[in-house]
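Labels below follow one simple rule: chain letters A, B, ... track the order of the sequence lines, proteins then strands, and each chain is numbered from 1.
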Number of protein chains: 2
Amino acid sequence: MIHDPLEDLPGYALRRVSAAVMAKLAEGLSRLDLRPAESTVLLVIGANPGVTQSEVGRLLGIASANMAPLVARLADRGLIVREAVDGRSQGLTLSDGGRRITVKTRSVVDELESDLLARIPAVERAAFLKVLFALARDQDD
Amino acid sequence: MIHDPLEDLPGYALRRVSAAVMAKLAEGLSRLDLRPAESTVLLVIGANPGVTQSEVGRLLGIASANMAPLVARLADRGLIVREAVDGRSQGLTLSDGGRRITVKTRSVVDELESDLLARIPAVERAAFLKVLFALARDQDD
DNA sequence: CCGTATAGCTATACAATATAGCTATTCATC
DNA sequence: GATGAATAGCTATATTGTATAGCTATACGG
């Protein structure tokens, strides 16, 4: 057996777990023809009708250069509607079709999140989640 | 303030924390002209002289199609040496230059891992790491 | 009014990963 | 020992997420 010099590294463990979760998410979303980044954008717009794409990008940590084609694709598919709020910003709203697909998206996401939670022993669950969310909030800089 | 519908999702938190850690790692490795995936390959070869690239790929979850150009680049740079162990496999070993850069790699990695650990409150640290490593091991399927 | 910041966009590049398909070698089994 | 299956390594190609540079037009503070 070969030795794994990375097995004690929390950063590497985070990377592997995250990659596995993302792979499952991508697979679950594929039947909706949605990519992970698109699904999060839909969820944020659904929860905040009228947000601008720059606000969405800031919340999700997606650069504006990458938001542009992403939002354009969602608009081209008729999932979201863009309405000018001033001369340079557009408020984003889900269309009826967008709402339907967002409901399905949420169920895909929720199922994966449940699977993940189920794999965390109940004893450590609270501590694990507390640290994880704290780290995630921390990262917002 | 806009509402974040993802703030309660552990899977999404994992993704954000992992992305932030990876970004810092990529930045730290950039002065060695190494990419994250290459650095892990070097560390594994350093800890297991003579491993084949397929063994490294299996350990790290890198597909053989992606290992080929990755190992080729490390060999082209003179960081690793390939020696035939049989007609189709090659044992990988660090060259002197590879050993030097791997030492530096380890110090970059160790510093980031220390930073990460330092951000986990001592009270929850053991539980957090236990769950994280269990999830990472789990994922190996 | 004017300088600066911001919104949105294009073009481009890169890293990691994925699939398909290929050759050649090894190995188990008949 | 021959043969079929599995394996090692490789190429080509595509996708996803992300990064940088640079652009236009609008909004806003002094």
**Request:** Just jot down the side-chain hydrogen bond (donor to acceptor under 3.5 Å, both in side chains) partners of A:Lys130, sequence neighbours excluded, or say none.
**Result:** B:Glu124
**Request:** Calculate, to the nearest 0.5 Å, the distance between atoms CD1 and OG belonging to A:Ile45 and A:Ser95 respectively.
**Result:** 10.0 Å
What nitrogen or oxygen pairs link the protein and nucleotides 4-8 of chain C at under 3.5 Å?
residue, atom, partner, partner atom, Å
C:dT6, O2, A:Arg88, NH1, 2.4
C:dA7, OP1, A:Ser54, OG, 3.4
C:dA7, OP2, A:Arg58, NH1, 3.3
C:dA7, O3', A:Arg88, O, 3.3
C:dG8, OP1, A:Gln90, N, 3.0
C:dG8, OP2, A:Ser54, N, 2.8
C:dG8, OP2, A:Ser54, OG, 3.0

**Prompt:** What is the distance from atom NZ of B:Lys104 to atom CZ of B:Arg31, rounded to the nearest 0.5 Å?
**Reply:** 8.0 Å
**Message:** Distance check needed: C:dA18 P versus B:Leu60 CG, whole Å only.
**Reply:** 13 Å
**Within residues 88-137 of chain B or reaching into it, pairs that qualify as ring pair (Phe, Tyr, Trp, His ring centres under 6.0 Å) - sequence neighbours excluded** = A:Phe128-B:Phe128
**Item:** Distance, nearest 0.5 Å, that separates CG of B:Leu42 from OG1 of B:Thr102
**Value:** 4.0 Å
Give me the distances for all protein-to-nucleotides 14-17 of chain C N/O pairs that come in under 3.5 Å?
residue, atom, partner, partner atom, Å
C:dA15, OP2, B:Arg35, NH1, 3.0
C:dA16, OP1, B:Pro36, N, 3.2
C:dA16, OP1, B:Ala37, N, 3.1

For residues 8-15 of chain B, which side-chain donor-acceptor pairs fall under 3.5 Å, sequence neighbours excluded?
residue, atom, partner, partner atom, Å
B:Tyr12, OH, B:Arg16, NH1, 3.0

**Rounded interatomic separation in angstrom, taking NZ from B:Lys24 and C1' from D:dA19** = 18 Å
**Request:** Sequence neighbours left out, what passes salt bridge (charged side-chain N to carboxylate O under 4.0 Å, His left out) with A:Arg88? Give chain and number order.
**Result:** none
**Request:** Look at all strands and tell whether A:Ala72 reaches a base, only sugar-phosphate, or nothing, counting heavy atoms closer than 4.0 Å.
**Result:** nothing
**Message:** A:Arg99 vs A:Asp96, test: salt bridge (charged side-chain N to carboxylate O under 4.0 Å, His left out). Steps then yes/no.
**Reply:** CA-CA 5 Å; A:Arg99 249 183 303 278; A:Asp96 288 346; 2.8 Å; yes
